[in-house]
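Notes for the one structure printed next.
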Amino acid sequence: MTNQEIFQRAQQTIPGGVNSPVRAFKSVGGTPRFIAKANGAYIWDIEGKQYIDYLGSWGPAIVGHAHPEVLAAVQEAATKGLSFGAPTEGEVILAEKICELIPSIEQVRLVSSGTEATMSAIRLARGATGRNKIIKFEGCYHGHSDSLLVKAGSGLLTFGNPSSAGVPQEFVSHTIVLPFNNLEEVKKAFAEVGQDIACIIVEPVAGNMNLVKPQAGFLEGLRELCTQYGALLIFDEVMTGFRAGPKGVQGLTNITPDLTTLAKVIGGGMPVGAFGGRQDIMQQIAPLGAVYQAGTLSGNPVSVAAGLKTLEILSRPGFYDVLSKTTTELVNGLSDLARQHNVTFSADSIGGMFGIYFRENIPTSFAEVQQSNIQAFNVFFHAMLDEGVHLAPSAFEAGFVSASHTEEILAKTFAAADKAFVTVAQTTQNS
Ligand SMILES: *Cc1c(COP(=O)(O)O)cnc(C)c1O
């Protein structure tokens, strides 16, 4: 069966043929690749075509796909039973490991996805402060719960509008949406309604509007404002946790959030999320406190086994040095090739995540990301796919490198890009 045939068939029984919208290739056009298997840095589609993978399941595949040690841990756990709905020792060990690796997390609760982690952290922040309003930033994604599916309203300090049908305006009336990297706007919001603000939630390095780093002083300023006004600072490190560095972005910046959300890497490819932070706050969730939160499959033993083994592998000496070096080499190599082909391009990376932008300079906000040449990205994306390189299928997504991406794989990637940039230069006006 071809990708085209299965995609047609999929659309009969699955809306849009996919179980998460970005997979449908809407933004780049064409037919999504249906994946048959993956190993190390490679994936194969159902037609048997091999690709170098820079999607890494959107981040979890940091040690490489189907890592033998992770598979063995999963297999061993599975033989003992798939789920009990009762506590296990593995959950305790994973919680201890997370608390040990990320010092701001004194206590942690496991859930099954990033969406659940952020939704629960927001509820906890509201419960702990007794306040309703939250601040989020334009272009940051925190999963698909109602109060976080918000886009900026018009005007300066207006409350957001729902960014999805099915979310009542009233549900987002407590969500304030501000531009990323603009501390002045945050100050204004606090000056106006600071006593009502429960928390700020932020991707400390944004990875869901392509990669956008915080400018100097931005995160520090958020920390100071939260402390001053008694609001909680939530770092959504679902993507950056154990990806930007061994202690997430907070380990790189020495900023201590009150709460942190995790997912993706901590499940090693299985469904896991987590939220944690200050003990006095975490103890306000049920069964100790009044903030309700629960999950039938929370702390699932097979997922926990995959997560624990993944964290063990990436705690080995030199893991992040190699990962960062590979990722830096990748973006430098692509930038050099773009320059040789006269394609307007810039790129950035942190740890094992990267951004490529078809614009002159590295963007600092959602507005700037939107100014990139989307057509050029789409041409590049398809040319790379033809050459056997699998990138995230949107100009607004970050890319991911794993420990399995060797020098040889980088060289193959550059050979593909050398051709792809020719196509970009030919088909797009590169003014
Ligand atoms: C992926 C992501 C989420 C949502 O996680 P899911 O597991 O897809 O629900 C939330 N926040 C950030 C920063 C993410 O990257």
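These values consider heavy atoms only, across backbone and side chains, with no hydrogens, waters or symmetry-generated copies. Every number for a ligand or one of its atoms is a count from 1 in the order of the listing.
At distances below 3.5 Å, at least one donor-acceptor pair connects side-chain atoms of Asn210 with backbone N or O atoms of Ile356. For the pair Arg243 (side chain) and Gly352 (backbone), a donor-acceptor distance under 3.5 Å is present.
For atom 6 (P) of ligand 1, the nearest non-hydrogen atom of the protein is Gly114 N, 3.4 Å. At the shortest separation from atom 3 (C) of ligand 1 among protein heavy atoms lies Val238 CG1, 3.7 Å.
Note: Phe381 and Phe25 meet the aromatic proximity criterion, with ring centroids under 6.0 Å apart.
Here is the list of ligand 1 atoms found below 4.0 Å of a heavy atom in Ser113: 7 (O), 9 (O). Taking every non-hydrogen atom of Asn208 and a distance limit under 4.0 Å, the qualifying atoms of ligand 1 come out as 12 (C), 13 (C), 14 (C), 15 (O). Close contacts of ligand 1 with Asp236, meaning ligand atoms under 4.0 Å from a residue heavy atom, involve 10 (C), 11 (N), 12 (C), 13 (C). Heavy-atom contacts of Glu203 reach the following atoms of ligand 1: 13 (C) (cutoff under 4.0 Å).
Remark: Lys49 qualifies as a cation-pi partner of Tyr51 under the 6.0 Å distance and 45° angle criteria applied to the six-membered ring.
Distances from ligand 1 to the non-hydrogen atoms of Lys264 include at least one value under 4.0 Å.
Relative orientation of the Phe34 and Phe7 rings is tilted, given thresholds of 30° and 60° on the angle between their planes. Relative ring orientation between Phe180 and Phe137 is described as perpendicular, the plane-to-plane angle rising above 60° on a 0-90° scale split at 30° and 60°.
Closer than 4.0 Å to atom 8 (O) of ligand 1 lies none of the heavy atoms of the protein.
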